[in-house]
Protein chains: 2
Amino acid sequence: MHCKQSNTRWLPTRDQIRILKELYDDKGVKCPTVEQVQRITLQLKWYGEIENKNVFYWFQNQRAREKLKNNKLTSDVQVPK
Amino acid sequence: MHCKQSNTRWLPTRDQIRILKELYDDKGVKCPTVEQVQRITLQLKWYGEIENKNVFYWFQNQRAREKLKNNKLTSDVQVPK
DNA sequence: TGTCTATGAATGAATG
DNA sequence: CATTCATTCATAGACA
């Protein structure tokens, strides 16, 4: 454990991010159930401090921001008359 | 510090939050009836813009998130004794 | 060091 | 009531 951060917010480790993205992008886990979140959290604990709510928020934010990006992209193509 | 927000969604004032929490935590008002919601809304109007549905949603969210927290998201890994 | 960006966190609103 | 979406606040890290 290299960087013990003071009790601020969760800072995901590289491995945690890698695994989360694998789940989201490759395995299509976009919207895990609470039980899945718990399992994922357990798995990610191996790589560093993490709580259920961190995982919960991570997926929520992924979905929200993926949608935002898509909307932005598609709206860019729209040429206002 | 209440910056003027765009008139999208309800932003509870500190006083409104304080009163709502008093009701919920101290007075045990977890699931107010429609009439209670109306009375609460009237009371809270003194402190700022608010509608019945804001109060309704507030209690609904409180219940949902309290339950989430207790059941799932906050629970540490239970180490069997 | 101030500003900016990415993103963790929070919550009002809404849907299933 | 459980779950998800939309939007905003907060802040760590990058950069100048």
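Here the structure is a predicted model, which means the values were calculated and not measured. Just so it is clear: chains get the letters A, B, ... in the order the sequence lines come, proteins before strands, and each one is counted from 1.
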C:dG16 - base-pair partner by Watson-Crick or wobble geometry, distances under 3.5 Å =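 With both distances under 3.5 Å, C:dG16 matches D:dC1.
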For B:Q16 and B:G48, work out which heavy atoms get closest and say how close.
->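 Between these two residues, the closest heavy atoms are NE2-O, 3.1 Å.
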Please report the shortest heavy-atom distance between A:I50 and A:T41, naming the atom on each side.
-> CG2-O, 3.7 Å
Counting only side-chain N and O atoms of [X], is one of them less than 4.0 Å from OP1 or OP2 of [N]?
X     : N      : answer
B:R9  : D:dA6  : no
B:N54 : C:dG12 : no
B:K67 : D:dA2  : yes
A:Y57 : C:dA10 : yes
B:K53 : C:dG12 : no

Whole-Å distance between [N] [atom2] and [X] [atom1]?
X     : N      : atom1 : atom2 : result
A:R14 : C:dT7  : CZ    : P     : 12 Å
B:I17 : C:dG12 : CD1   : C1'   : 11 Å
A:R63 : D:dT7  : CZ    : P     : 15 Å
B:E66 : D:dA2  : CD    : P     : 11 Å
B:L68 : D:dA2  : CG    : P     : 8 Å
A:N52 : C:dA9  : CG    : P     : 12 Å
A:W58 : C:dT7  : CH2   : P     : 10 Å
A:F59 : C:dA9  : CZ    : C1'   : 16 Å

Pairwise distance CD(B:E49) to CG(B:N54) - rounded to 0.5 angstrom =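 Nearest 0.5 Å value for the CD-CG distance: 9.0 Å.
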Has the side chain of B:N61 got a donor or acceptor atom sitting under 3.5 Å from an opposite partner on the base of C:dA13?
-> yes
Assign B:R65 to base, sugar-phosphate, or nothing according to its heavy-atom contacts below 4.0 angstrom with the strands shown.
-> base
Residues B:E22 and B:R18 bridged, charged N to O under 4.0 Å |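 Judged by the 4.0 Å cut-off on N to carboxylate O distance, B:E22 and B:R18 do form a salt bridge.
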Given that B:C31 and A:A64 both sit by DNA chain D, which one's nearest nucleotide is further toward the 5' end?
->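 Of the two residues, B:C31 wins.
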So do the side chains of A:K30 and A:Y24 get within less than 4.5 Å of each other, counting heavy atoms only?
-> yes
Any idea which of D:dG13, C:dG8, C:dG12 is nearest the A:L11 side chain?
->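 Taking heavy atoms from C-beta onward, the closest nucleotide is D:dG13.
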